[in-house]
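Please read the structure below before turning to the comments.
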Amino acid sequence: MSARKQKLINKPEAIVDEMLAGFCAAYHDIVRLERERLVVRAEPKAPGKVGLVMGGGSGHEPAMLGWVGEGLLDVNVVGEVFSAPGPGPIIEGIRAADRGAGVLLCVSHHEGDRLNAELALEFCEMEGIENVDMVILYDDISSAPKGSESERRGTAGLFFVWKMLGAYCEGAVDLAAAKALAEKARDNTRSLAMSLSSCASPVSGEVMFEMAEGEMEIGMGLHGEVGRGRQKALSADDTIDLMLPQILDDLPFHAGDEALVLLNNSGSLTLMELFILYRRVEKMLREADIKVHKSWIGAYATTLETAGFAISLCRVDDQLKDLWDAPANGAYMKQV
Amino acid sequence: MSARKQKLINKPEAIVDEMLAGFCAAYHDIVRLERERLVVRAEPKAPGKVGLVMGGGSGHEPAMLGWVGEGLLDVNVVGEVFSAPGPGPIIEGIRAADRGAGVLLCVSHHEGDRLNAELALEFCEMEGIENVDMVILYDDISSAPKGSESERRGTAGLFFVWKMLGAYCEGAVDLAAAKALAEKARDNTRSLAMSLSSCASPVSGEVMFEMAEGEMEIGMGLHGEVGRGRQKALSADDTIDLMLPQILDDLPFHAGDEALVLLNNSGSLTLMELFILYRRVEKMLREADIKVHKSWIGAYATTLETAGFAISLCRVDDQLKDLWDAPANGAYMKQV
Amino acid sequence: MTTIAPAQLADMIGSIARRILSERDRLNRLDAALGDGDHGTSVSAAFAAAATDIAELKQPSAGDIWLATAKAVMNRMGGASGAIFGTFFLKGAGHLRGIERVGKSDMEAVLQAGLQGVKARGKAEVGDKTMVDALEPAVTAFCGADEFAGAWTRATEAAREGAESTRELVARRGRAKYLSERAIGHVDPGASSIAVIFEAVDDWWGANPTPSTLQFEEAEH
Amino acid sequence: MTTIAPAQLADMIGSIARRILSERDRLNRLDAALGDGDHGTSVSAAFAAAATDIAELKQPSAGDIWLATAKAVMNRMGGASGAIFGTFFLKGAGHLRGIERVGKSDMEAVLQAGLQGVKARGKAEVGDKTMVDALEPAVTAFCGADEFAGAWTRATEAAREGAESTRELVARRGRAKYLSERAIGHVDPGASSIAVIFEAVDDWWGANPTPSTLQFEEAEH
Ligand SMILES: Nc1ncnc2c1ncn2[C@@H]1O[C@H](COP(=O)(O)OP(=O)(O)O)[C@@H](O)[C@H]1O
Ligand SMILES: Nc1ncnc2c1ncn2[C@@H]1O[C@H](COP(=O)(O)OP(=O)(O)O)[C@@H](O)[C@H]1O
Ligand SMILES: [Mg+2]
Ligand SMILES: [Mg+2]
Ligand SMILES: [Mg+2]
Ligand SMILES: [Mg+2]
């Protein structure tokens, strides 16, 4: 199959700004466009609490736009499609998130995001903006071997981190503690993705890479970064049987553990397929005596219209469970 | 572009049952699989309240599965892909939804759904099951001209009806009043869809119909039923400019009206595109002085992995607004 | 044979199920051109389920067999076509109540009732590009013949012609209706499966099965 | 010219912006083979923004121009490449502080600081299939030449050769790293745009613009 080149857009140069205009108009009770490319909570969090900023390229909607809101992120700095925003907008985001208790800049680990975050922090120092720190987040087991976790990419599983960190920072007054919590959530999270198809850039109209009908690739990144090579597409059950044990072995998860589970749609997989996949995930976890605290199935962090999915697991203790269960009100992440 | 034939499934015959197993395992706090093909609320509603049953083919997920729950549907009877369930399962569904105040069988208007509902009601009469009525729901302005509303098809806009009717029946004791409310919501709802691509059946593996890259079709039905013929694909703004006025003229909506707005993803459109589309919708409504009470943007009633969308509008008065704002807790429809 | 015993009727349904299964892919292909490509799959699953359900009945009457077929077809096929094809058997079942061995005139009444039920339920007439285009001429041909044997053959021919006649039509019912003129050139799958069903019965009748070849026991009349 | 005045430096950036724009589609195509196909679009947007931002500065110094370019490139390009290309100008800007007219040795220091900054930021060395493969030999060639004019020409040649040398490499940085051996056979887009930038400067130098052709006024020194 070929990816869909025809897009419902206006001018390719304007897609990010027009997207943000539409998004913020639709969810004006939750978010506000503070300035170009800066999505902030409609109601800022209480003063004296740690602010949370997340920057990143677009093309992953509802990530991260949809997770700005109460109990979630304070600010999302939005870049071009699949391209991290530069330090200028990030600094503006840090300013917007500051409620007097410091700001944590969250970075989903990709070279561009990390480099621009570093630059932003250097500029902050030069400009005397204090009490800002950054945390690098990653979860994709396919991008670097065990032992080199810090070289791994950030993918769909960071969903868990935003949610729990957001809940934590709703009340947190200490930046270092917030960073430690982010690291704890990250270090308990593992993801692995697969794809059946490519996607086409709405900017260039070009297909990102070619994939033949009937092929699949395990380990693709959130921008279609190459994984472990192409193979013949497997059945739903065989795909899970291939992927899930790798995730379980990596942390590793043990019998008796409790976990959050995300089955993330990369774009154009159907929910029907995801439910069929989840059936196998649930069975395997049950047999491994890993208790599912809560599961989420849907499109959370997409790669445009790619057909594929990721499995993400996060091992939770009582603290993380409480944070997970805390209320949240983002446009695409609601919890009572 | 060609539709994706490669699906992540196991056996084509088993897709519906495996999907339901996965869905109900994931959301066991909200739903239960009462028996094969019968999804019911985990906690039934209070006794003495009107039960709500909705039957329909699958392939539209999260519809209707995702809208079973508190403040929503009591029972969803699930058919094969794009094919209404037969009267036998519908009768079981009616039995399961009965809390002593009668059951309303909701029918999204398609020939198969209507015929099987009629058969089910005939069997109910034969078997002495009393106090059951049905309501035929439709919203698609492209499927029959104004004046012949009752010949129109049911599509994504029925989302509004389920939500408001569900809220109403949480407290309703009178079947006739529930039916009247359903008709009121329906008669204020209008939808129009468009597609850029086809989809492929997970059962046969065949593409449903061919569409060339760069073509679009306005007025397609929820199963890819033919609309108003193919035309060259337009820009996002031009597409809205073509579609939305037809919806507004049909009811018609007037300056000063309040409306709920749904921008429904048929499957594989990106949220980025939907937000860009919504930007224009919001602008046009603002200029027409139609107040948006609330908007929803996402994949609610899909046509497998079709790339396309529908605009749905529902004119609301105070009663409907209150019902809309009432809490709901379905797997894919949460409201506090 | 001049009358059909319940066990033979059951065997007849089994024959239909096998024949439809062997034509499944062709029927799917026909439906792919006009609808959603599943007609062969659903109609074959429906008759297979009917045969299984019938085999589980204890000493069924002719009416029980027809009713079981109706329910299996409705519930296994689903959709509009399940309701239509199921109604055909449901209405026929009414006419079989109290009948022990089915004679030609009983079968005429059963087919007529089925046809009328189908038309009332689905609102399709001959010329609307549906299974009615095959069913109505088949039933007329059956009723016009003197004997069972020739009647099935003539009905089969009429059904085939009727199915073929749908090729040049625009559909006014079913999914194909949304295709407008694009439907022209394709034979209606439901009409084709009616032809397949009559063919199966005609061949089954020709093979003239004896009670000993049948699946379950019954008291001989 | 033996020194470059700020207004001329601004004009030079404008020349780079125009040249990069004319090569945009080719750079996009190179990036489509190895990355996400946007390098031409982003680098041309970045230099266009730099030229615009510079035009709005009031009596800028050389350092102001270099810093404005750094910020425009970082913020308009975004991504890893924005940070890398931006760092090149950011580090150079540090060395231009207090300098009124840029001489050859100043430019050597600016280019060296930029190169070192890029390597420290992006952790890429020659051979990793990045813009460093073009930038490092270009800077070396520039510093090895005696005079401004010939220096730009030699740097351009070195940059072109360096860019071409990436064809046979496997990438160890940037998006292309995930392609492994599949990257072989394709020239790195970032290295190519470095070659384009040096070409633009070399041609601009050759055209030897006078202050009167420049966009804004400044006190002559
Ligand atoms: N209203 C109707 N009256 C008579 N026959 C109908 C009607 N609607 C559909 N059919 C028959 O059903 C056939 C399609 O069957 P099938 O493919 O199994 O159902 P579906 O369209 O639900 O997938 C059509 O070819 C047509 O003969
Ligand atoms: N770590 C790095 N060090 C040096 N250059 C790099 C590095 N990462 C990327 N690049 C350069 O950036 C180029 C890609 O630029 P561009 O396509 O604009 O960015 P992106 O990959 O974010 O889309 C690569 O060709 C390479 O030359
Ligand atoms: Mg990019
Ligand atoms: Mg069907
Ligand atoms: Mg069909
Ligand atoms: Mg690129």
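Only a predicted model underlies this, so the values are computations on that prediction, with no experimental measurement involved. A note on names: the letters A, B, ... follow the listed sequences, proteins ahead of strands, and every chain is numbered from 1.
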What part of D/S81 is in contact with chain A, defined as an atom under 4.5 angstrom from a non-hydrogen atom: side chain, backbone, both or neither? neither
Taking atom CZ as the centre, does A/R228 end up with more than 12 heavy-atom neighbours from other residues, nucleotides or ligands that are less than 6.0 angstrom away? yes
For D/K119, look at atom NZ and say whether over 12 heavy atoms of other residues, nucleotides or ligands are found less than 6.0 Å away. yes
Please rank D/G122, D/A80, D/G79 by heavy-atom pairs under 4.5 Å with chain A and give me the top one. D/G79
Who pairs with A/E122 by salt bridge (Lys or Arg N to Asp or Glu O under 4.0 Å), at least two apart in sequence or on another chain? D/R121
Any side-chain heavy-atom pair of D/N75 and A/P89 under 4.5 Å: yes
Which one wins on heavy-atom pair count under 4.5 Å against chain D: A/G79, A/G88, A/G57? A/G88
For A/K11, look at atom NZ and say whether over 12 heavy atoms of other residues, nucleotides or ligands are found less than 6.0 Å away. no
Side chains of A/V81 and D/D38, heavy atoms from C-beta outward: is any pair under 4.5 Å? no
For a side-chain contact (heavy atoms from CB on, under 4.5 Å) with D/M74, tell me which candidate from A/L115, A/L119, A/I90 qualifies. A/L119
Please tabulate, for the side chains in residues 158-171 of chain D, all donor-acceptor contacts under 3.5 angstrom to protein atoms that are two or more places apart in sequence or on a different chain.
unit_1	atom_1	unit_2	atom_2	d
D/R160	NE	D/E199	OE2	2.9
D/R160	NH2	D/E199	OE2	3.4
D/E164	OE1	D/R167	NH2	3.4
D/E164	OE2	D/R167	NE	2.7
D/E164	OE2	D/R167	NH2	3.3
D/S165	OG	D/G162	O	2.5
D/T166	OG1	D/A163	O	2.5
D/T166	OG1	D/D188	N	3.0
D/R167	NH1	D/G185	O	3.4

Sort out for me which of A/V207, A/N116, A/D113 touches chain D most, counting heavy-atom pairs under 4.5 Å. A/N116
Greatest number of heavy atom pairs closer than 4.5 Å to chain D - which of A/P85, A/G56, A/S83, A/G229: A/S83
Option that, when pairs with chain D are counted at under 4.5 Å, heavy atom only, ranks first among A/E80, A/R37, A/E111: A/E111
